[in-house]
Amino acid sequence: MKCIGCGAFLQTTDKNAPGYTPKADAQYCQRCFRLIHYDDLTVSMKTGIDPDQVMEEVSRMDALVVWVVDLFDFEAGMIPGLSRRLAGRDIILVCTKRDLLPDTLSHERTAQFVFQRLKEYGISIKELVFVSGKEKAGLQEVMAAVRKHSSGKEAAVIGRANSGKSTLLNALAGNAVLTASRYPGTTLGFTRMKIEDVTFVDTPGIEIGNSMIMHVQEADLKTILPEATVNPTVFQIHEDQSYAAGGLARLDVTCRSSATVTWYVSRRLYLHRTRLSKADALWQNQYGKLLVPVADSAKMRSYTYSRGNEKTDAVIDGLGWACISGDAPVITVRVPEHVNVTFRKAMM
Ligand SMILES: Nc1nc2c(ncn2[C@@H]2O[C@H](COP(=O)(O)OP(=O)(O)O)[C@@H](O)[C@H]2O)c(=O)[nH]1
Ligand SMILES: [Mg+2]
């Protein structure tokens, strides 16, 4: 018997292992029960699910692939080796969390952005659908795209941890059977679910460790993961500046005359701006004090980018991004050592 919330095998012997339940006839494990009703994480599974094994199992299935990517965390959603491992498979890309992006970003512009990025990553898809869990938008389009391309096969819903797979399936089914939460490693097994005439399969998130969500304490996820539309925070600058996003990321911007730095991060995350010349001292004195939260490693890695005239996004996996425009030739991002940073042409 499997837990219907996370797909783990139910067991009554080990409290600290997945699938534990004190009741022999339970449908849900205790971990799912507490996540659903109390938002309380009893057993952390942020590591322990082997991403290669998940991809291996998916690539063995004779199924249509429904690939779920969080629009707010797009770069982190690009699974390394996806096009190689799923070569020749039909892929429907579902971009979730549309509601987190400002309304000023049009549908057309977003689609253009997505197709451009996919081309750069060398990934081809059959169809693109945007959904917003909060507004229940795009669900009919997902069903239509799946019907069109599945030819009676199962539809495997894959994607990075926290991209919104379980939430999407619950929304399509019209009831909240699957456990969805902000904690990476919520879904632990493959769970089949029939919705109208299509059999969907929920899968564990494919986690490769380079997202900020894997390197903060679970209690700090509330601070870094936005729940509502992200309000851009705009800074006009006329000299070299440095920004601290809590104690998690540092952005240095050299500025010749004037430039604009716009942050797209959760409104709960503390942004601190200072002159570049004062930044080293700030980090030395205030790391873990004013600059919180901090990640599991204080060792930082730096990424530097030399800009041309285009607007540039400096994207930090799992955290958000800063958009830099104007006369700012060099930008440097420092993040905890395993966190990935991507520089891209601005999304907005
Ligand atoms: N704002 C917003 N949050 C979403 C949306 N879809 C999922 N979430 C949130 O993202 C987190 C991860 O969702 P979940 O379905 O568990 O992701 P999974 O790990 O891919 O199965 C949860 O906190 C959800 O509430 C969406 O469309 N909009
Ligand atoms: Mg899930």
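Order of listing sets the numbers, starting from 1, for every ligand and every atom in it. These numbers come from the heavy atoms of this one structure, side chains and all, not from hydrogens, waters or symmetry mates. We count residues from 1, following the sequence as given.
- One side chain, D296 or H215, offers a donor N or O that lies under 3.5 Å from an acceptor on the other.
- The atoms of ligand 1 that sit less than 4.0 Å from any heavy atom of L100 are 1 (N).
- For T179, no nitrogen or oxygen atom sits less than 3.5 Å from a nitrogen or oxygen atom of ligand 1, counting backbone and side chain alike.
- Numbered from 1 in the order shown, with element, the atoms of ligand 1 that lie under 4.0 Å from a heavy atom of S132 read 27 (O).
- Where the criterion is an N or O separation shorter than 3.5 Å, residue side chain and backbone included, D99 meets it with respect to ligand 1.
- Each of the atoms 14 (P), 15 (O), 16 (O) of ligand 1 lies under 4.0 Å from some heavy atom of A180.
- With ligand atoms numbered from 1 in the order given, ligand 1 contributes 1 (N) to contacts under 4.0 Å with heavy atoms of E227.
- For the 3.5 Å distance criterion, the side chains of R34 and T42 fail to qualify, holding no donor opposite an acceptor.
- Each of the atoms 15 (O), 21 (O) of ligand 1 lies under 4.0 Å from some heavy atom of S166.
- Inspection of the S302 and T332 side chains reveals no N or O donor paired with an N or O acceptor under 3.5 Å.
- At least one heavy atom of S163 sits closer than 4.0 Å to an atom of ligand 1.
- With hydrogens and angles left out, the side-chain atoms of T199 and E154 include no donor and acceptor closer than 3.5 Å.
- Donor-acceptor pairing under 3.5 Å is lacking for the side chains of S242 and T274.
- Of the protein's non-hydrogen atoms, the one nearest atom 27 (O) of ligand 1 is G133 N, 2.5 Å.
- Remark: ligand 1 and G164 share an N or O pair separated by less than 3.5 Å (distance only, no angle test).
- Ring-plane geometry between F72 and W321 is classed as tilted, the angle between the planes lying from 30 to 60 degrees on a 0 to 90 degree scale.
- In this structure, F113 and R109 have side chains that are in contact, with non-hydrogen atoms separated by less than 4.5 Å.
- Nearest non-hydrogen protein atom to atom 19 (O) of ligand 1 is N162 N, 2.9 Å.
- Of the polar atoms of T96, none of the N or O atoms is found under 3.5 Å from an N or O of ligand 1, judged by distance alone.
- Expressed to the nearest 10°, the angle at the Mg ion (ligand 2) joining OG in S166 with OG1 in T187 is 90°.
- When hydrogens are left out, the protein atom nearest atom 23 (O) of ligand 1 is R182 N, 3.5 Å; that is the closest non-hydrogen contact.
- P226 is not listed as a side-chain neighbour of R267, based on a closest heavy-atom distance of 4.5 Å or more.
- Within the 4.5 Å cutoff, the side chain of M1 has no heavy atoms near those of the F9 side chain.
- For atom 20 (O) of ligand 1, the nearest protein heavy atom (residue, atom name, distance) is K165 NZ, 2.7 Å.
- Close N/O approach between S181 and ligand 1 is found [any backbone or side-chain N/O within under 3.5 Å].
- Interface of T167 with ligand 1, defined as ligand atoms under 4.0 Å from a residue heavy atom, comprises 6 (N), 7 (C), 13 (O), 14 (P), 15 (O), 24 (C).
- Put simply, CD1 on I123 and CD1 on I91 are 7.0 Å apart, with the number rounded to the nearest 0.5 Å.
- Between F130 and H107, the distance from one ring center to the other falls under 6.0 angstrom.
- Below 3.5 Å of separation, one finds an N or O of K97 facing an N or O of ligand 1.
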